[in-house]
Amino acid sequence: MLQVSFIRENKEQVIEGLKKRNFNELEIIDQIIETDNIRKKTQTQLDETLAESNKLAKQIGELFKSGKAAEANALKEKTAALKQQANILKQQLQEIENQLLNLLYQVPNVPHQSVPAGNSDQDNEVVDTENDIPQLPEDALPHWELAAKYNLIDFELGAKITGAGFPVYIGKGARLQRALINFFLEEALKAGYTEIIPPFVVNEASGYGTGQLPDKEGQMYHICEDDLYLIPTAEVPITNIYRDVILKEDDFPVKNVGYSPCFRREAGSYGKDVRGLNRLHQFEKVEIVQIQHPDKSYDTLNEMVEHVKGLLRQLELPFRTLRLCGGDLGFTSALTYDMEVYSAAQKRWLEVSSISNFETFQANRLKLRFKDKEGKTRLAHTLNGSALALPRILASILENNQTPEGIKIPKVLVPYTGFELID
RNA sequence: GGAGAGAUGGCAGAGUGGUCGAAUGCGGCGGUCUUGAAAACCGUUGUCCUUCACGGGACCGGGGGUUCGAAUCCCUCUCUCUCCGCCA
């Protein structure tokens, strides 16, 4: 959520930014400022009432102490009206604060200057492309057929046990998946990240902290009985570690990495987009999260993009980097790079990572701050990225590396898998 | 699941109706002393709202209540700990 002070001081910039996102309810900006004005006025009135009431209470106490009970009782009567007024003001203030919060929750982050204009994923900017797209023979199989042929993944079995979108990984399929997880974690450790195993279920406050609530509750599985949510990404628990935390400047950069299963309800998508591993209700992911000084967060974003590129290079997969356009940018993000790998049998690009700088947008909700050199408390910047999401990597490895002899495992993974070929 | 105890500043730990934003110790920061360091001594040390400022206000786990006045009394929720039961 944006800070009201930021909106006040940079109103034009905010409006321009929101336009780039095709966010058109711009009247909300003036509503926010107006509501905040009322909030301030009410707060001041309440403070004055309480100040007076405090003063009287002190006087009454002194009068009682010096035995002037009659005078004290006389004063007591004056406090009743003040008390009533204070209660009314308190209630009003509460309502106004809720209104303000509701308005602020509706405003997405202001995009970074470099975010291109655009309406949909069609308008995303391809920053670069690496590695050649493999030329497969005509009879090359898509990954779901390969998965069946070599008994790596059983989608029907998952549907039997749970439902569609919950595949069962078997044998070398399971081992390849585990190898990838370990590879990603080890690479993150080499890059200086601290490994975290977070809870896979979070409470409501955490959902609000990273911005999944209140607007995306439909995306998460909700355990009603305990009012908890299955995490859609490890970002949620790992970032919420720092909810209500004040860091020291030399704590930067905070670099955490965590593996987790991710659960997504993802209602409303059908057809070939969701075939096989392309879109699942449960999948595995290694997530990198950084918390950084505002002056350095964009350098950090680039560092994270480079880290992910390094992973894809080592896996020898063709990939490209996209800078998301305003229309495709996530609600909480200021700048996002998507990484896509080419899945050669499906002949399409698949998103395997999304790396974002949220600037202070999450930190504001999280109350994640740091003390700067002058001793002032300021909001930190949060960033995160997938490094990487497993299913589509798996899909692309299976498809791109298929040969008549079997599926070749990328060299870098062999120490992790313990086998070189799936046959 | 049953019984009991508790939640106070970065940490430890006092405080049971007014003088408490809160003793004391540790830690942190600044200083004196020292060639330097340690020790010792002195000072300082929470967050938030509001104000140009002076100032004012809120916060002792969350919410509500009693009272002129609540960290302190009452209700409620959450969490933690101890004992018993169950258990990977």
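Below, chains carry the letters A, B, ... as their sequence lines are ordered, and counting in each starts from 1. If you're wondering where the values come from, they're calculated on a predicted model, not measured in any experiment.
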For this session: Describe the nucleic acid contact of A:K83 in one word from base, sugar-phosphate, nothing, applying a heavy-atom distance below 4.0 Å.
Result: base

Exercise. Over how many whole Å does the gap from A:Q91 atom CD to B:G63 atom P extend?
Worked result: 16 Å

Exercise. What orientation do A:F183 and A:Y416 show, parallel under 30°, tilted 30 to 60°, or perpendicular over 60°?
Worked result: perpendicular

Problem set entry | A:K55 NZ to B:U19 C1', straight-line distance once rounded to whole Å | 18 Å

Problem set entry | Between B:A23 and B:G43 - P atom distance, rounded Å | 15 Å

For this session: Mind calculating the distance between CD (A:E71) and P (B:C68) to the nearest angstrom?
Result: 18 Å

Problem set entry | Between A:Q45 and A:Q92: side-chain donor-acceptor atoms closer than 3.5 Å | no

Exercise. For B:C86, what is the paired nucleotide under Watson-Crick or G-U wobble rules, both distances under 3.5 Å?
Worked result: none

Exercise. For B:A5, which nucleotide is its Watson-Crick or G-U wobble mate, given both distances must be under 3.5 Å?
Worked result: B:U80

Exercise. Paired with B:C54 by Watson-Crick or G-U wobble geometry, both distances under 3.5 Å: which nucleotide is it?
Worked result: none

Exercise. Where is the tightest heavy-atom contact between A:I32 and A:L100, given as atom of each residue plus distance?
Worked result: O-CD1, 3.6 Å

Exercise. Using purine N1 to pyrimidine N3 plus N6-O4 or O6-N4 for Watson-Crick, or N1-O2 and O6-N3 for G-U wobble, both under 3.5 Å, which nucleotide pairs with B:G18?
Worked result: B:C68

Exercise. Given the C1' atoms of B:A5 and B:C86, what is the spacing between them in whole Å?
Worked result: 22 Å

Problem set entry | Whole-Å distance separating the CD atom of A:E204 from the P atom of B:G62 | 18 Å

Exercise. Quick one: do A:K19 and A:E16 make a salt bridge, cutoff under 4.0 Å?
Worked result: yes

For this session: In whole angstrom, give me the gap between the P atoms of B:G6 and B:G10.
Result: 24 Å

For this session: Provide, to the nearest angstrom, the distance between the CZ atom belonging to A:F64 and the C1' atom belonging to B:U67.
Result: 11 Å

For this session: Tell me the partner of B:C59, counting only Watson-Crick (N1-N3 plus N6-O4 or O6-N4) or G-U wobble (N1-O2 and O6-N3) with both under 3.5 Å; none if nothing fits.
Result: B:G46

Exercise. With both distances under 3.5 angstrom, what nucleotide forms a Watson-Crick or G-U wobble pair with B:A37?
Worked result: none

Exercise. Can you tell me how far CD of A:Q177 sits from CG of A:L152, rounded to the nearest 0.5 angstrom?
Worked result: 11.0 Å

Problem set entry | Pairing nucleotide - B:C26, Watson-Crick or G-U, each distance under 3.5 Å | B:G10

Problem set entry | Rounded distance in Å between the P positions of B:A14 and B:G61 | 14 Å

Exercise. If you look at every strand shown and take non-hydrogen atoms under 4.0 Å, does A:L75 touch a base, only sugar-phosphate, or nothing?
Worked result: nothing

Exercise. Separation of A:L50 atom CG from B:A70 atom C1', in whole Å?
Worked result: 14 Å

For this session: Round to the nearest Å and state the distance from A:N73 atom CG to B:U67 atom P.
Result: 14 Å

Exercise. Over how many whole Å does the gap from A:Q59 atom CD to B:U67 atom P extend?
Worked result: 21 Å

Exercise. Can you list the steps and then say if A:Q290 with A:N384 is a side-chain contact (heavy atoms from CB on, under 4.5 Å)?
Worked result: CA-CA 6 Å; A:Q290 291 211 38; A:N384 69 48; over 6 Å; no

For this session: Just say parallel, tilted or perpendicular for the rings of A:Y221 and A:F166, cut-offs at 30° and 60°.
Result: tilted

Exercise. Which whole number of Å gives the distance between the C1' atom of B:G25 and that of B:C75?
Worked result: 36 Å

Seminar exercise, completed: With B for base contact, S for sugar-phosphate-only contact and - for none (protein heavy atoms under 4.0 Å), nucleotides 45-56 of chain B reads --SSSSS----B

Problem set entry | Lys/Arg N to Asp/Glu carboxylate O, A:E316 vs A:K408, below 4.0 Å | no

